[in-house]
Amino acid sequence: MKGTVGELGEFGLIRELTSRLTTTPAVRLGPGDDAAVVAAPDRRVVASTDILLEGRHFRRDWSTAYDVGRKAAAQNLADIAAMGAVPTALLLGLVVPADLPVTWAAELMDGLRDECQVAGAAVVGGDVVGGDTITVAITALGDLRNHEPVTRGGARPGDVVAVTGWLGWSAAGYAVLSRGFRSPRAFRSPRAFVEAHRRPEPPYHAGPAAAGLGATAMTDVSDGLVADLGHIAEASKCRIDLRSGLIDIPSQMSDIGQAVGVDPLQWVLTGGEDHAIVATFPPDVKLPARWKVIGEVLNPSALPQVTVDGAPWTSKGGWDHFGSIEDTQPRG
């Protein structure tokens, strides 16, 4: 795979990328035709799309192409799982400059393929276009398997708020990387935080399982816990109160926070990009050990829709694509 994508050409690049793919039983017709064919036994298809732009959502000096592929797939497949659906397929739209090494594009595809395998899905097609900036556009598909989708609008007063997956790990990893360290050894912390930023690990199976348990509302934590629960609170017309004492903060994260002068609770509440799954459940539901109750749903009041220990959370944070750097957690 020597040379650049420009030297290989569009169709040569497509052949190289598709040759690296695997399939699943849900894929009836994969890459190579005008469109793919994916089985939809439920007769409903859950779909989500997202875009990663170099310099805005990832940096090549921080992440390998394989990392970017894993991350691009994960954040889209997590959206499918957060609806209570099982991921089935992924489509790729790729914009690359002509001088990009072919190996970079190939390793990106390897990352997409491997993350899809974790979720039980497959890359089934897409498109490549020449352009000045690397852009990775993903569309993910999923199957509800005869369950109703779990939306953001079903939370009810009295429900508990529970989460599964990591919170704040990606933000802590970003804090390390942004200070010029490629490994958190500088903070005497495990490499896991930097790796969590480069390759999030959503708990895909927890989404459909939560639907089976009777979750009333659900979302993945992509923009920050407070921000994403705010979407549930707004859609459900309720207030959500989080209890900070119920939220686990690893000692290694506290070490990083102390080293950079940041309260790690800030990362947990506003960091985003871990793609944990947070859901509301009726109070009588017996939750498996993987779920951690961190708050409750209350009747709406004059207070903000999401509070922490009964008070407004006033610290800045959470991701906004059109916000200033000071108001958001930049994505790397």
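We're numbering straight along the sequence, starting at 1. Keep in mind that the numbers below use all heavy atoms, side chains included, and drop hydrogens, waters and symmetry copies.
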**OP:** Give, for atom CD of Gln305 and atom OG of Ser236, the distance between the pair rounded to the nearest 0.5 Å.
**Re:** 9.5 Å

**OP:** Kindly give the heavy-atom pair with the smallest separation between Ile277 and Pro203, and that separation in Å.
**Re:** CD1-O, 3.6 Å

Original post:
Does some side-chain heavy atom of Ile134 sit less than 4.5 Å from a side-chain heavy atom of Pro97?
Top reply: yes

In residues 140-151, what donor-acceptor pairs under 3.5 Å come from side-chain atoms, sequence neighbours left out?
| residue | atom | partner | partner atom | Å |
| --- | --- | --- | --- | --- |
| Asp143 | OD1 | Asp42 | N | 3.4 |
| Glu148 | OE2 | Arg44 | NH1 | 3.4 |
| Thr151 | OG1 | Gly153 | N | 3.2 |

**OP:** Evaluate the side chain to side chain contact (heavy atoms under 4.5 Å, CB included) criterion for residues Lys292 and Asp248: first the C-alpha distance (whole Å), next the side-chain angles of each, then the deciding distance (0.1 Å), finally the verdict.
**Re:** CA-CA 9 Å; Lys292 174 73 171 177; Asp248 295 327; 4.1 Å; yes

Original post:
Is a donor on one side and an acceptor on the other found under 3.5 Å between the side chain of Thr216 and the backbone of Thr280?
Top reply: yes

Original post:
Listed by chain and number, what are the ring pair (Phe, Tyr, Trp, His ring centres under 6.0 Å) partners of Tyr204, not counting sequence neighbours?
Top reply: none

Subject >> Close side-chain approach of Asp50 to Val136, heavy-atom, < 4.5 Å >> reply: no

Original post:
Tell me the side-chain hydrogen bond (donor to acceptor under 3.5 Å, both in side chains) pairs involving residues 22-32, sequence neighbours left out?
Top reply: Thr22-Gln117

Subject >> Flag, side chain of Asp33 to backbone of Leu29, donor-acceptor distance under 3.5 Å >> reply: no

**OP:** With rounding to the nearest 0.5 Å, note down the distance linking CG in Leu112 to CG in Leu91.
**Re:** 11.0 Å

Subject >> For Glu54, all residues meeting salt bridge (charged side-chain N to carboxylate O under 4.0 Å, His left out), sequence neighbours excluded >> reply: Arg60

**OP:** With sequence neighbours left out, write down each residue that passes salt bridge (charged side-chain N to carboxylate O under 4.0 Å, His left out) with Asp67, or none if nothing qualifies.
**Re:** Arg199

Subject >> side-chain contact (heavy atoms from CB on, under 4.5 Å) partners of Ala82, counting only residues at least two apart >> reply: Asp220

**OP:** Dump the intermediate steps for side chain to side chain contact (heavy atoms under 4.5 Å, CB included) on Glu296 and Val161, then the final yes or no.
**Re:** CA-CA 5 Å; Glu296 61 182 330; Val161 179; 5.6 Å; no

Subject >> Distance, nearest 0.5 Å, that separates NE2 of His231 from CG of Asp223 >> reply: 5.0 Å

Original post:
Is a side-chain N or O of Thr49 found less than 3.5 angstrom from the main chain of Ile138, in a donor-acceptor match?
Top reply: yes

Original post:
Do Leu90 and Cys116 come close enough that some side-chain heavy atom pair is under 4.5 Å?
Top reply: yes

Original post:
Just by modelled atom types, is the Asp99 backbone N or O under 3.5 Å from a matching donor or acceptor in the Thr4 side chain?
Top reply: no

**OP:** Could you state whether Ile80 and Leu52 fall into the same hydrophobic cluster, counting links through intermediate Ile, Leu, Val, Met, Phe, Trp or Tyr residues with side-chain heavy atoms under 4.5 angstrom apart?
**Re:** no

Original post:
Taking only residues two or more places apart in sequence or in another chain, which ones pass ring pair (Phe, Tyr, Trp, His ring centres under 6.0 Å) with Trp169?
Top reply: Trp166, Phe193

**OP:** Report yes if the side chains of Leu242 and Leu229 come closer than 4.5 Å at any heavy-atom pair, otherwise no.
**Re:** yes

Original post:
What residues, two or more places apart in sequence or in another chain, satisfy side-chain contact (heavy atoms from CB on, under 4.5 Å) together with Leu8?
Top reply: Leu13, Glu16, Val102

Original post:
Can a salt bridge be assigned to the pair Glu115 and Lys71 using a cut-off of 4.0 Å between side-chain N and carboxylate O?
Top reply: no

Subject >> Within residues 125-138 or reaching into it, pairs that qualify as side-chain hydrogen bond (donor to acceptor under 3.5 Å, both in side chains) - sequence neighbours excluded >> reply: none

**OP:** Would you give the length of the straight line joining atom OG of Ser254 to atom CG of Leu265, rounded to the nearest 0.5 angstrom?
**Re:** 10.0 Å

Subject >> Least distance between heavy atoms, Ala217 atom then Ala155 atom >> reply: CB-N, 3.7 Å

Original post:
With a 4.5 Å limit on heavy-atom distance, are the side chains of Asn76 and Thr139 in contact?
Top reply: no

**OP:** Using the salt bridge (Lys or Arg N to Asp or Glu O under 4.0 Å) rule, collect all pairs that involve residues 149-170, keeping only residues at least two apart or in two chains.
**Re:** none

Original post:
Under a 4.5 Å side-chain heavy-atom rule over Ile, Leu, Val, Met, Phe, Trp and Tyr, are Trp267 and Val306 clustered together?
Top reply: yes

Original post:
Can you name the residues that form a side-chain contact (heavy atoms from CB on, under 4.5 Å) with Pro288, not counting sequence neighbours?
Top reply: Leu213, Arg290, Trp291

Subject >> Check: Val123 and Leu21 side chains under 4.5 Å, non-hydrogen atoms >> reply: yes

Original post:
Cluster question for you: counting only ILVMFWY and a side-chain heavy-atom cut-off of under 4.5 Å, with indirect links fine, are Leu167 and Ile256 together?
Top reply: yes

Original post:
Do Met253 and Ile247 sit in the same hydrophobic cluster, where Ile, Leu, Val, Met, Phe, Trp and Tyr count as joined when their side-chain heavy atoms come under 4.5 Å apart?
Top reply: yes

Original post:
Going through the checks in order, is the side chain to side chain contact (heavy atoms under 4.5 Å, CB included) test met by Leu177 and Arg198?
Top reply: CA-CA 10 Å; Leu177 288 167; Arg198 290 172 173 156; 3.7 Å; yes

Subject >> Rounded distance [0.5 Å steps], OH in Tyr174 versus NE2 in His197 >> reply: 7.5 Å

**OP:** Quick one: closest heavy-atom pair of Ala40 and Val45, and the distance?
**Re:** CB-CG2, 3.8 Å

Original post:
Just by distance, with hydrogens left out, do Ser244 and Asp309 show a side-chain donor and acceptor under 3.5 Å apart?
Top reply: yes

Original post:
Which heavy atom in Ala89 sits nearest to a heavy atom in Ala121, and how many Å separate them?
Top reply: N-CB, 3.8 Å

Original post:
Which heavy atom in Met218 sits nearest to a heavy atom in Gly207, and how many Å separate them?
Top reply: CE-O, 3.5 Å

**OP:** Kindly compute the distance separating CG (Leu94) from CE (Met109), expressed to the nearest 0.5 Å.
**Re:** 7.5 Å

Original post:
Same cluster for Val160 and Leu225 if Ile/Leu/Val/Met/Phe/Trp/Tyr side chains link at under 4.5 Å?
Top reply: no

Original post:
With sequence neighbours left out, what residues match Asp241 under side-chain contact (heavy atoms from CB on, under 4.5 Å)?
Top reply: Arg239, Arg243, Leu298, Thr307

Subject >> Minimum heavy-atom distance between Ala175 and Ser178, given as atom pair plus value >> reply: O-OG, 3.0 Å

